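Accompanying notes for the structure given below.
Not measured: the values here are computed from a predicted model.
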Amino acid sequence: MTWAVFMNPRFSASLAVIAAVALAHGPTAHAEKGSQPQVGAAAPDFELPAVAGGRSGQVKLSEVTAKSDVVLVMLRGWPGYQCPLCSRQVGDFVKSAKAFSDKGAEVLLVYPGPASQLSDKAKAFLRSSRLPKNFTMVTDPDYEMTQAYGLRWAATRETAYPATFVIGTDGKISWSKISKSHGGRTNAKEVLAQL
């Protein structure tokens, strides 16, 4: 393309319209590195550091699913503040901890964000609350797992799309719900019905 094309008033006007549309859609724009895993597919494996709950050290998904069904909950993590909707969702799941245990399921809560001070932010999110034995919170420093699952919400003051997956002992996803907004996420009752 020559400079004459760029200098053409009609071309410049088209570029202005494209830029305006892009800016208007900026807050909802997203960039997904991986593709979102589908029901029936194997859940992408990961190994992330635990910060609270029944497991400690590095938690590898395939090692957990080898022993029990897993409810994998992607939180928004640290978008610059503690998400009140995430707090409400975790509280709802914790209230149903016995029901999850009775179904033979472990709950993995993923708290994504920039690596710097992420562990401290995750602990602050829990506000010194103790998670039940069948719950573990892990952090996802610099969004590695978030991107592998196609859940990175790359907009200003965003981190990850809230999502929940039920993964069986065969390592396959049997149910999922992904929200493209802060709300619209699942609750414990809905997930328990899938176990």
Is [Y] close to [X] at the side-chain level, that is, under 4.5 Å between some pair of heavy atoms?
| X | Y | answer |
| --- | --- | --- |
| L192 | S96 | yes |
| Q82 | R127 | no |
| P112 | W78 | no |
| S176 | P37 | no |
| L131 | T136 | no |
| V59 | L48 | no |
| E158 | H182 | yes |
| V39 | F165 | no |

Say you draw a straight line from [atom1] of [X] to [atom2] of [Y]; how long is it, rounded to the nearest 0.5 Å?
| X | Y | atom1 | atom2 | answer |
| --- | --- | --- | --- | --- |
| S116 | K121 | OG | NZ | 8.5 Å |
| R55 | K133 | CZ | NZ | 10.5 Å |
| L195 | W175 | CG | CH2 | 9.5 Å |
| E190 | R185 | CD | CZ | 13.0 Å |

Seminar exercise, completed: Residues passing the side-chain contact (heavy atoms from CB on, under 4.5 Å) test with K95, sequence neighbours excluded, are none
Do side-chain atoms of [X] reach the backbone of [Y] as a donor and acceptor pair under 3.5 angstrom?
| X | Y | result |
| --- | --- | --- |
| Q38 | Q36 | yes |
| D140 | E144 | yes |
| S181 | G183 | yes |
| R76 | Y161 | no |
| D69 | A105 | no |

Hphob cluster co-occupancy, [X] + [Y], side-chain heavy atoms under 4.5 angstrom:
| X | Y | answer |
| --- | --- | --- |
| F100 | V73 | yes |
| V138 | L118 | no |
| V191 | I173 | no |
| I178 | V70 | yes |
| F46 | L109 | no |

Problem set entry | Sole residue of V166, T164, V110 in side-chain contact (heavy atoms from CB on, under 4.5 Å) with L72 |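 Looking at V166, T164, V110, the match for L72 under the side-chain contact (heavy atoms from CB on, under 4.5 Å) is V110.
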Problem set entry | Among T65, V71, L61, side-chain contact (heavy atoms from CB on, under 4.5 Å) partner for L108 |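 Between L108 and the candidates, side-chain contact (heavy atoms from CB on, under 4.5 Å) is satisfied uniquely by L61.
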For this session: I would like to know whether D92 and R88 meet salt bridge (Lys or Arg N to Asp or Glu O under 4.0 Å); could you show each step before the answer?
Result: CA-CA 6 Å; D92 174 53; R88 187 180 312 153; over 6 Å; no
If you compare all heavy atoms of [X] against all heavy atoms of [Y], which two are closest, and at what distance to 0.1 Å?
| X | Y | answer |
| --- | --- | --- |
| T139 | S119 | CG2-CA, 4.2 Å |
| A50 | S56 | CB-CA, 3.9 Å |
| A188 | F93 | N-CE1, 3.6 Å |
| K67 | T169 | C-CG2, 4.3 Å |
| N134 | S101 | ND2-N, 3.4 Å |
| G77 | T159 | N-OG1, 4.4 Å |

Within a radius of less than 6.0 Å around [atom1] of [X], do more than 12 heavy atoms belonging to other residues, nucleotides or ligands occur?
| X | atom1 | answer |
| --- | --- | --- |
| E47 | CD | yes |
| K177 | NZ | yes |
| Q194 | CD | yes |

Exercise. Between Y111 and F125, does the ring centre distance come in under 6.0 Å?
Worked result: yes
For this session: Would you tell me whether D45 and S62 have side-chain atoms, one donor and one acceptor, within less than 3.5 Å of each other?
Result: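 Short answer, yes.
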